[in-house]
Amino acid sequence: MPNILLVGNGAREHAMAEAIMRSKEKPLLFSYMKANNPGIASLSAKTKMGSYADPSAIILFARENKIEFAVIGPEDPLGNGVVDALAEAGIPAVGPTKSLARLETSKAFTRNLVSKYNIPGNPQFKVFTDIDGVEVFLNKLESVVIKPDGLTGGKGVLVQGDHFATKQEALTLCKQILSESNSLIVEEKFDGEEFSLQCLCDGKTIVGTPLVQDHKRRFDGDRGPNTGGMGSYSLPDHSMPFLKPSDIEEGLEITRQVAAALWSETGSPYKGVMYGGFIATKNGTKLLEYNARFGDPEAMNILPLLKTDFVEICQHIIAGTLDKLKIEFEPKATVCKYVVPKGYGLPADHPDAASSKAKIEVGDVGKARLYYSSVDKKEDGLYLSSSRAIGIVGIADTLDEARLIAEEGVKAVKGPVDYREDIGTDALIQKRIDHMKKIRKE
Ligand SMILES: Nc1ncnc2c1ncn2[C@@H]1O[C@H](COP(=O)(O)OP(=O)(O)O)[C@@H](O)[C@H]1O
Ligand SMILES: [Mg+2]
């Protein structure tokens with residue numbers, strides 16, 4: 001009966017809590033959260049509210065509860081050195097130290113690492129700390145993406161054609177970014193289809209999990225502003241219909257080499273999740289970025305499919321023995337749809353923005369699984385906060401069945417909410433297949 005600490009309060013962590021509690025080791029769960037997630041709370045022996053920027057509060061909670069190991073959900077505590085503080089207190093963790101978490105917290109660090117170790121997958125890029133040379137480099141590239149060097153909650157990257165049209169506008173935006181951020185990356189824009197490849201890593205062995213495709217745009221048809229992710233799907237063969245086996249192998253190989261490079265560079269093994277955001281292009285798989293944790297929503301697609309004991313996986317990550325464990329997933333399709341406040345992602349002066357704090361009712365979600373995210377449980381019921389509220393997941397033998405289960409679950413949430421109807425539909429997936437065919441000239 002290990003006592004396990006889980007840090008995090010989103011739907012991703014709700015799915016992690018569920019995976020932990022399914023363990024045959026009968027663990028006791030101790031959850032440290034920024035806001036009370038009723039789903040996580042219901043699975044926990046004890047909960048503690050506090051800030052992710054306060055490692056000492058997390059250590060205190062861990063010590064009081066004789067924690068065997070910790071699992072860190074979100075990027076903020078990783079970036080704040082929570083894993084380092086736990087290690088000093090003698091508590092191992094699934095999640096990288098602050099230095100290794102630069103894989104996510106600094107896009108410049110990762111681009112430079114990939115380049116220094118001659119790992120494939122980088123675009124043409126340059127890191128700038130002032131505006132000198134930015135204009136020349138912008139004009140060297142056909143089409144550009146500009147990225148602030150730091151955590152932006154998925155809302156800081158600007159893509160030519162989506163967020164701005166001309167190089168002149170790009171230059172203005174670069175100046176703006178440099179006035180707010182220490183550094184800026186300008187890189188070549190790739191054309192292709194994106195996929196999330198979440199790998200488990202113990203430092204030397206990486207294990208791929210089923211591929212997932214997330215949907216960042218707020219509205220159907222990939223329209224509207226970027227969000228934290230409106231939903232995602234995965235397929236029974238654990239691949240994506242627009243990928244060749246070599247595309248996946250390239251993503252795995254990049255991740256393998258990055259794990260080795262991280263060890264050489266920092267002198268310590270990376271223990272946790274290396275989530276590669278990849279894009280399949282006409283020239284093979286390219287790297288958009290890494291995250292140092294499971295994706296949210298993507299965790300909800302893969303963790304419920306795990307056949308292998310998640311606690312055992314964590315123990316092997318910590319021990320550095322992932323190569324000794326066979327990790328298996330159910331061959332099923334999954335569709336995750338996020339229920340969000342109607343005003344989510346919209347400007348504050350939009351008429352729907354008011355819906356953000358309203359009361360909701362959750363009825364019977366049928367065969368779907370429900371993972372709480374940003375909801376506020378008050379005495380008289382459940383309230384929305386300003387962010388994504390509830391992740392609803394359908395799991396079935398086919399994508400269509402999984403989607404229908406998720407749709408039915410979504411309909412059980414009553415209130416001023418919204419979701420993307422098109423996620424997991426054949427039409428949307430066909431669009432991606434056609435796009436890939438076109439750029440590969442097949
Ligand atoms: N080099 C690139 N080429 C094309 N699109 C890109 C590129 N880099 C980022 N993007 C787009 O911007 C999105 C966000 O960029 P990403 O690097 O994943 O940062 P974050 O998730 O932190 O916002 C990606 O999902 C992708 O759609
Ligand atoms: Mg991303």
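Both ligands and their constituent atoms are indexed starting at 1 by order of listing. Residue numbers start at 1 and run along the sequence shown.
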Side chain, backbone, both or neither: [X] near ligand 1, heavy atoms under 4.0 Å:
X      : result
Lys107 : side chain
Val159 : side chain
Val157 : side chain

Within-cut-off N or O pair, Phe190 and ligand 1, under 3.5 Å: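 Phe190 vs ligand 1: N/O contact under 3.5 Å present.
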
Contact with ligand 1 for Glu194, non-hydrogen, under 4.0 angstrom: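 For ligand 1, residue contact (heavy atoms, under 4.0 Å) with Glu194 is present.
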
Please list, in number order, the atoms of ligand 1 under 4.0 Å from a heavy atom of [X].
X      : value
Lys147 : 8 (N), 9 (C), 17 (O)
Glu188 : 1 (N), 2 (C), 3 (N)
Lys189 : 3 (N), 4 (C)

Carboxylate-amine/guanidinium contact Glu18 Arg369, below 4.0 Å: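 Salt bridge present between Glu18 and Arg369.
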
Ring-face cation of Arg102 near Phe109 (centre distance under 6.0 Å, axis angle within 45°):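 Judged by the rule, Arg102 and Phe109 form a cation-pi pair.
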
More than 12 heavy atoms of other groups within 6.0 Å of Glu142 CD: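 Open: at most 12 neighbouring heavy atoms sit under 6.0 Å from CD of Glu142.
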
Glu289: its N/O/S atom lying closest to the Mg ion (ligand 2) (atom name):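 Checking each N, O and S atom of Glu289, the shortest distance to the Mg ion (ligand 2) belongs to OE2.
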
